Student: 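Have a look at this one before I ask anything.
Just so we're clear, the structure is a prediction, and the values are computed from it rather than from any experiment.
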Amino acid sequence: MRFPCVLVVVAAVAAVVVVADCRREAAHEPPAPEADAPQGETPWFTEITREVGLEFVHVSGAQGRLLYPEIAGSGVALFDADNDGDLDVYFTSGHFGLPERLRGDAPTNRFFRHESTGRFHDATEDSGLTNDGYGMGVAIGDIDNDGDLDLYATNFGADRLYRNRGDGTFEDITESAGIKVPEWSTSAAFFDYDRDGFLDLYVAVYVAYDPSEQCFDPAGRPDYCGPQMFKGISDALWHNNGDGTFTNVSDRAGLTSIAMPGLGVVCEDFNDDGWVDVYVANDRTANQLWINQRDGTFQDEALLAGAAFNLNGMPEGSMGVVAADLDNDEDIDLFLTHFVGESNTFYRNLGGAAGFEDASGASGLSWPSLPYTGFGAVSLDVELDGDLDLAVVNGRVIHGDLLPGTLPPAPWDVYCEPNLFFLNDGDGRFTRIEDPVAAFCAPIEISRALAVGDIDQDGDLDLLVTNIEGPARLYRNDAPREGHWLMIRAVDPQLRRDAIGARVTVAVGDRRLVRTISAGFSYLSSNDPRAHFGLGDCTKVEYIDVRWPDGYRERFPSTPVDRHLVLSRGDGRAQP
């Protein structure tokens, strides 16, 4: 059955597994002290940024003109650039007003290679990833099926596409690939919308910004403008031709019928028909759910599906987006972050043609978010109990009251906010927690991107945060483990790459846990695409079902737990 879907641009492979047995630190300032956990309680997160050598400070290039893009950055990607089995990092930054000599001396975007020692090395200079644009977001995917990951950087201005040479260095192929996105683009994601085996590209485009426009806050002070001051621009869909080139099929696909200020994007099969759809989080306008019509076209069914507006029928300032099974009923829900005074929104998937319902209030996610402006968001099973929790990073875009403990110096301090963390009770009801996760929640900064992945390969998921005019912060997951785990990489050997968009189901006891192989979600971010499962006290996975991106279904037999697992297409048993 078909239902209107939310516009999400995320290339994902959904995996289902069944288990049985059951800003003090600006460029010149020292880092803020780590927050202490309550006496006798182990901190659930530990900041290890400086310890591992990941020293990056975002530069906005602000010169006091309050140029809108300054308050929107900065993006980040967690990905294995050199195929050595660990996650490297790419940060975006900006340079409005910076002298030419400073741009050359300190490249804006930066690439950090993860060494075998567990430390990171700034390899920007030799990587080919310097990117002289005003950086926004990052998308990661293997565009030529050669077994290594390529990188797409969105900018305020022309975007750039970089091909991986196979050794973790890159070459700019934007022109030869035929890609032209000259506007202000934000989040982007790779996904295979036509099931031809090559990853296509969805790019969310924001507004036609005019820097001569001046805006003011309610007190009459100059402040950053909002999206309502400018004309929205249609998003872009690029078809991968399989020969190193892309074709702009936005008009043919039906996307140019709508021009909205897009910020977050995720790609997922929302109506469970085997074809990937796209959900787009738009700023202060209706969100879009582009349902794949299986013929190269999409229809925006967000309104009919109940995912365009909130419960009161109002548009919100949507920024970050997560698509995941948050209530453990085996379908894909949506979680969106929003502007101050608008609660973050949980759209519960009702299944089949029923669409979504705004269950924000009942879920417990609404009231705690009202004082804050949310951006990046990720789902993760922090304590390995079998359900997905939520982490959210915040930071204002307009003046606010100065909060105690604010880290960046003036004039940025009036934009700073703490972050939020929510524990899932297993049925999609959440409780905000603070003390155990104080290292993540206590810093009061202007946070934007949030990426998730297993940095230290210990079986739980770690967090990486970027901050405007402040340092990136890497948080190691040290939460007490309430169960076992499994992390799955799904690979198609014929395509020589991760099966982005595959759905993985794991059977454990009487539960079926569903995840998608996906990298593009949150805000301006690309994440570890592997499917991670907390298994609770189950010590055995009965079987794992994989629905590959082209619809082929395969079952893999029982497997031990507490390990990283690679599932290769063709090694399992075909399913009807």
Student: Find the distance between CZ (R448) and OG1 (T92) and round it off to the nearest 0.5 Å.
Tutor: 12.0 Å

Student: Check whether any side-chain heavy atom of L78 lies under 4.5 Å from a side-chain heavy atom of I455, and answer yes or no.
Tutor: yes

Student: Search all heavy atoms of N527 against all heavy atoms of A451 and return the closest pair with its distance.
Tutor: OD1-CA, 3.0 Å

Student: Apply salt bridge (charged side-chain N to carboxylate O under 4.0 Å, His left out) to D528 and list each qualifying residue two or more places apart in sequence or on a separate chain.
Tutor: R530

Student: Going by ring pair (Phe, Tyr, Trp, His ring centres under 6.0 Å), name the residues that satisfy it together with F430, two or more places apart in sequence or in a different chain.
Tutor: none

Student: D196: what forms a side chain to side chain contact (heavy atoms under 4.5 Å, CB included) with it, not counting sequence neighbours?
Tutor: D192, D194, F198, H239

Student: So which atom in N424 and which in L388 form the shortest heavy-atom distance, rounded to 0.1 Å?
Tutor: ND2-O, 2.8 Å

Student: Can you check side chain to side chain donor-acceptor pair (under 3.5 Å) on D454 and H564, steps first, answer last?
Tutor: CA-CA 10 Å; D454 188 358; H564 292 85; 3.0 Å; yes

Student: Could you walk me through whether Y202 and Y193 pass the ring-ring contact (aromatic ring centres under 6.0 Å, His included) test, one step at a time?
Tutor: CA-CA 10 Å; Y202 190 99; Y193 76 86; 9.8 Å; no

Student: For L450, which of T337, V392, N419, L463 qualifies under side chain to side chain contact (heavy atoms under 4.5 Å, CB included)?
Tutor: L463

Student: What residues, two or more places apart in sequence or in another chain, satisfy side-chain hydrogen bond (donor to acceptor under 3.5 Å, both in side chains) together with S185?
Tutor: D159

Student: With sequence neighbours excluded, what pairs up with T466 under the side-chain hydrogen bond (donor to acceptor under 3.5 Å, both in side chains) test?
Tutor: S74

Student: Set out, in order, the CA-CA distance, both residues' side-chain angles and the distance that settles salt bridge (charged side-chain N to carboxylate O under 4.0 Å, His left out) for D427 and R429, then state yes or no.
Tutor: CA-CA 6 Å; D427 295 318; R429 290 184 292 271; 3.6 Å; yes

Student: What class does the angle between the rings of H532 and W485 fall in, given that below 30° is parallel, 30 to 60° is tilted and above 60° is perpendicular?
Tutor: parallel

Student: Please report the shortest heavy-atom distance between Y523 and G320, naming the atom on each side.
Tutor: CB-CA, 4.0 Å

Student: With a 4.5 Å heavy-atom cut-off, do D142 and D150 have their side chains touching?
Tutor: yes

Student: Sequence neighbours left out, what passes ring pair (Phe, Tyr, Trp, His ring centres under 6.0 Å) with F556? Give chain and number order.
Tutor: none

Student: Indicate the atoms forming the closest heavy-atom contact of G428 with S363, along with that distance.
Tutor: O-CB, 3.5 Å

Student: What is the distance from atom OG of S318 to atom CG of N287, rounded to the nearest 0.5 Å?
Tutor: 3.5 Å

Student: Enter the distance from L535:CG to K540:NZ here, rounded to the nearest 0.5 Å.
Tutor: 13.5 Å

Student: Please report the interatomic distance CZ(R160) to CD1(I173), rounded to the nearest 0.5 Å.
Tutor: 10.5 Å

Student: E383: which residues meet the side-chain hydrogen bond (donor to acceptor under 3.5 Å, both in side chains) condition with it, sequence neighbours left out?
Tutor: none

Student: Set out, in order, the CA-CA distance, both residues' side-chain angles and the distance that settles side chain to side chain contact (heavy atoms under 4.5 Å, CB included) for N131 and Y90, then state yes or no.
Tutor: CA-CA 11 Å; N131 184 34; Y90 184 71; 3.7 Å; yes

Student: Could you walk me through whether R553 and D545 pass the salt bridge (charged side-chain N to carboxylate O under 4.0 Å, His left out) check?
Tutor: CA-CA 7 Å; R553 295 175 182 267; D545 280 346; over 6 Å; no

Student: F246: what forms a ring pair (Phe, Tyr, Trp, His ring centres under 6.0 Å) with it, not counting sequence neighbours?
Tutor: none

Student: I need the single residue from D478, N477, V382 that forms a side chain to side chain contact (heavy atoms under 4.5 Å, CB included) with W44. Which is it?
Tutor: V382

Student: Measuring only between side-chain heavy atoms, which start at C-beta, is L486 closer than 4.5 Å to I544?
Tutor: yes

Student: Show me the pairs that pass salt bridge (Lys or Arg N to Asp or Glu O under 4.0 Å) and involve residues 557-568, at least two apart or across chains.
Tutor: none

Student: Hey, could you give me each pair passing side chain to side chain donor-acceptor pair (under 3.5 Å) that has a residue in residues 566-576? Not counting sequence neighbours.
Tutor: D550-R569

Student: Should Y543 and R512 be marked as a side chain to side chain donor-acceptor pair (under 3.5 Å) after you check the CA-CA gap, both sets of side-chain angles, and the distance that decides it?
Tutor: CA-CA 10 Å; Y543 62 86; R512 289 169 55 86; 2.9 Å; yes

Student: Please evaluate residues N145 and R497 with respect to the criterion side chain to side chain donor-acceptor pair (under 3.5 Å), reporting the C-alpha separation (whole Å), side-chain torsions for both, the decisive distance (0.1 Å), and the verdict.
Tutor: CA-CA 6 Å; N145 293 353; R497 62 168 175 81; 2.9 Å; yes

Student: Any salt bridge linking E554 with R547? Criterion: basic side-chain nitrogen under 4.0 Å from a carboxylate oxygen.
Tutor: no

Student: Run the salt bridge (charged side-chain N to carboxylate O under 4.0 Å, His left out) test on R195 and D200 for me, step by step, so that the C-alpha distance in whole Å, both residues' side-chain angles and the decisive distance to 0.1 Å come before the verdict.
Tutor: CA-CA 10 Å; R195 308 206 314 191; D200 311 299; over 6 Å; no

Student: Would you check, one step at a time, whether the test side chain to side chain donor-acceptor pair (under 3.5 Å) holds for E47 with T49?
Tutor: CA-CA 6 Å; E47 187 187 342; T49 319; 2.8 Å; yes

Student: Starting at OH of Y475, measure out to CG of L464 and round the result to the nearest 0.5 Å.
Tutor: 9.5 Å

Student: Over 60° means perpendicular and under 30° means parallel, so classify the ring planes of F298 and F191, tilted if in between.
Tutor: tilted

Student: Kindly compute the distance separating CZ (R113) from CG (D86), expressed to the nearest 0.5 Å.
Tutor: 10.0 Å

Student: Which is it for F346 and F335 under the ring-ring contact (aromatic ring centres under 6.0 Å, His included) test, yes or no, and what are the steps along the way?
Tutor: CA-CA 5 Å; F346 173 37; F335 173 76; 7.6 Å; no

Student: Apply salt bridge (charged side-chain N to carboxylate O under 4.0 Å, His left out) to the pair R165 and D146, showing each step before the final yes or no.
Tutor: CA-CA 10 Å; R165 295 189 178 101; D146 64 351; over 6 Å; no

Student: Ignoring hydrogens, what is the shortest heavy-atom contact between V76 and A449? Give both atom names and the distance.
Tutor: CG1-CB, 3.8 Å

Student: Strictly by modelled atom types, are H338 and T345 linked by a side-chain donor-acceptor pair under 3.5 Å?
Tutor: yes

Student: Tell me, please, which residues at least two apart from V52 pass side chain to side chain contact (heavy atoms under 4.5 Å, CB included).
Tutor: I48, L54, F120, L474

Student: Kindly give the heavy-atom pair with the smallest separation between F356 and I332, and that separation in Å.
Tutor: CE2-O, 3.6 Å

Student: Please tell me if the side chains of H121 and H114 come closer than 4.5 Å, counting only heavy atoms from C-beta onward.
Tutor: no

Student: Run the side-chain hydrogen bond (donor to acceptor under 3.5 Å, both in side chains) test against E171 and tell me which residues pass, sequence neighbours left out.
Tutor: R163

